[in-house]
Amino acid sequence: MRIDIDSYREIIDTLTRNKSRSLLTGFGVFWGIFMLIALMGGGKGLKEMLEKNFDGFAQNTAMIWAQQTTKPYKGFRKGRWWSMDHKDIERLRRRVPELDVTAPILFAPWGLSNTAYYSDQRTSPRIQGTTPDYALVVAPRMRYGRFINSMDIHEHRKVCVIGKKVYKDLFKEGGDPCGKKIRIDSTYYEVVGVDYNTNASMNFNGRAEEKITLPLSLVQQTYNRGNQVDMIIVTGRKGVVMSKITPRIRETIARAHYVDPADEQGLMVFNTEVLFQLLDNLFRGVNFLIWLVGLGTLLAGAIGVSNIMMVTVRERTTEIGIRRAIGATPRMILSQIISESIVLTLIAGMTGILLAVMVLQMLELANTTDGMVEAHFQVDFWTALFAAFVVSVMGVLAGLAPAARAMSIKPVDAMRDE
């Protein structure tokens, strides 16, 4: 559809003469595109914030721990307390080959002070011992140094990895603490790494930022835990559905400790697959709702544009009739009306996109801590471009009915209307 410069000037003059009507007409489109972009950016930021709670956590994971039995089994009464041991790791690797990683965790016993000191600073962390495989399940975000390695396990090294909160409590001056020694109760440990993982939803005996991680063998020795294991975290190989192998995992450990495999309370196996599926379904529904609300508001705005343009055409009946009488073709009338509609919707739409981007930017700045953006609330360039395209299409559709009305005006009827 071609239109010359004079026609564009005429469009702008028309919109300028009817400022209040143009503002009223464009408000519906402005609000619709603002809602669409703001909701899309807000939904993206909300999803990112929730996903950060599971940041680095393997999705095909199961957590196993022992509890008080609720069923009798092979002569043992119900209500018996029991514990897993390090041999269960080998049992799982041998009898459940679909597993990829098996990482044991041992927590410091309850009732101990477990106070950590550095110089005149102190904090009360959670103490846990594990193996290097733990990092394959819950990926640490190392700000400084490294995680526990196999040599730390074999040589019973007195080393530790501290969480974000522990680091800030003990080393208030900041800087790299690796190589420095902290005291936990009466034992000194060398700091080899700082884990900035703030995983808030997958907590094992406390938040990750409040923990001090030691080699598993050292915790067994220091706290006289022998060969015990408090929790085992396992991940499945690629393509393995954890819910299908969960019964075998439960049976492998339960039978070795004379626990009824059907006793789901006596041996807890928590499968995170269900949790991640729930989150995926939740955000599919949120995205659908965002598009439904945004496009519905845009459609309402386009209908408003069409109605106002129809009134404008009715008021300009004489003008259009005279133009037809002096040689204006239906195509020229069609071009002018639709172009007016497109210009109006594009101005309103781009203003809505700009304001929505500014609001999202402020939300992003509000969720920035320590120079790190916690969640990105912005929409990408192609999404904004697609939104502008939708607004243009809405402008064309909104102008069709008024344009058809204008094309049907005959010079004689226009004169009689005057």
Side-chain angles (χ1 to χ4, degrees), residues 48-58 61 63 65 103 105-132 134-149 152 157-216 218-219 222-223 230-231 233 272 364-375:
E48 191 170 331
M49 289 178 66
L50 289 178
E51 286 179 343
K52 276 188 176 296
N53 292 330
F54 308 97
D55 192 19
F57 197 90
T61 303
M63 292 166 283
W65 68 93
I105 304 177
L106 188 60
F107 305 117
W110 291 97
L112 299 180
S113 60
N114 290 336
T115 304
Y117 303 87
Y118 177 74
S119 185
D120 59 343
Q121 307 298 329
R122 58 183 290 176
T123 187
S124 298
R126 300 285 188 176
I127 310 297
Q128 71 175 18
T130 188
T131 63
Y134 180 82
L136 301 176
V137 182
V138 185
R141 296 172 58 190
M142 303 306 299
R143 180 70 176 268
Y144 301 105
R146 61 172 177 84
F147 196 68
I148 302 296
N149 61 31
D152 297 331
R157 291 176 177 173
K158 292 183 178 180
V159 297
C160 67
V161 175
I162 61 177
K164 179 179 179 180
K165 184 178 183 301
V166 177
Y167 166 69
K168 291 191 172 183
D169 288 345
L170 297 182
F171 300 92
K172 296 185 181 297
E173 71 282 1
D176 187 355
C178 294
K180 298 178 181 180
K181 292 189 177 182
I182 64 174
R183 179 168 61 90
I184 303 177
D185 297 329
S186 59
T187 306
Y188 285 88
Y189 299 88
E190 180 181 345
V191 178
V192 295
V194 178
D195 181 10
Y196 256 46
N197 191 349
T198 55
N199 193 315
S201 294
M202 292 295 184
N203 296 328
F204 317 125
N205 195 40
R207 295 186 298 173
E209 58 185 9
E210 298 177 344
K211 289 183 180 179
I212 294 181
T213 303
L214 308 175
L216 179 69
L218 187 62
V219 174
T222 302
Y223 295 97
D230 290 328
M231 179 180 289
I233 307 179
T272 60
E364 189 169 304
L365 291 175
N367 283 274
T368 302
T369 56
D370 299 331
M372 299 176 63
V373 179
E374 297 294 333

Original post:
For Ile212 and Pro125, which heavy atoms make the closest approach, and how far apart are they?
Top reply: CD1-CG, 3.5 Å
Original post:
Where is the tightest heavy-atom contact between Arg157 and Pro215, given as atom of each residue plus distance?
Top reply: O-CG, 3.6 Å
Original post:
When Phe171 is tested against each of Ile162, Asp176, Val166 for side-chain contact (heavy atoms from CB on, under 4.5 Å), which residue passes?
Top reply: Ile162
Original post:
Out of Val161, Asp230, Val219, Ile105, which one pairs with Gln128 under the side-chain contact (heavy atoms from CB on, under 4.5 Å) rule?
Top reply: Ile105
What's the separation between atom [atom1] in [X] and atom [atom2] in [Y], rounded to the nearest 0.5 Å?
X	Y	atom1	atom2	value
Cys178	Arg143	SG	CZ	12.0 Å
Thr123	Lys168	OG1	NZ	13.0 Å
Met231	Met63	CE	CE	6.5 Å

Original post:
Would one find more than 12 heavy atoms of other residues, nucleotides or ligands at under 6.0 Å from atom NZ of Lys181?
Top reply: no
Original post:
If you draw a 6.0 Å radius around OH in Tyr188, do more than 12 non-hydrogen atoms from other residues or ligands fall strictly inside?
Top reply: no
Are [X] and [Y] packed together at the side-chain level, in the sense that at least one heavy-atom pair is separated by less than 4.5 angstrom?
X	Y	answer
Ile233	Tyr134	yes
Thr131	Ile148	no
Leu106	Thr130	no
Ile182	Cys160	yes
Thr187	Lys158	yes

Subject >> Candidate pair Tyr189 and Leu214, rule side chain to side chain contact (heavy atoms under 4.5 Å, CB included), full reasoning >> reply: CA-CA 9 Å; Tyr189 299 88; Leu214 308 175; 4.0 Å; yes
Original post:
What is the ring orientation for Tyr167 with Tyr144, classed by angle as parallel under 30°, tilted 30 to 60°, or perpendicular over 60°?
Top reply: tilted
Original post:
Taking it one step at a time, do Thr115 and Ser124 satisfy side chain to side chain contact (heavy atoms under 4.5 Å, CB included)?
Top reply: CA-CA 5 Å; Thr115 304; Ser124 298; 4.2 Å; yes
Original post:
So, the side chain of Arg183 versus the backbone of Asp185: is there a donor-acceptor pair under 3.5 Å, distance only?
Top reply: yes
**OP:** Establish, for the pair Arg141 and Tyr196, whether the NZ or CZ atom is under 6.0 angstrom from the six-membered ring centre and no further than 45 degrees off its axis.
**Re:** no
Original post:
With the threshold set at 4.0 Å, does a side-chain nitrogen-carboxylate oxygen contact exist between Asp152 and Arg146?
Top reply: yes
Subject >> Gln121 vs Lys172, side chain to side chain contact (heavy atoms under 4.5 Å, CB included): CA-CA, chis, key distance, verdict >> reply: CA-CA 8 Å; Gln121 307 298 329; Lys172 296 185 181 297; 3.0 Å; yes
**OP:** Could you give me the CA-CA distance, side-chain angles and deciding distance for Lys164 and Asp169, then say whether side chain to side chain contact (heavy atoms under 4.5 Å, CB included) is met?
**Re:** CA-CA 9 Å; Lys164 179 179 179 180; Asp169 288 345; over 6 Å; no
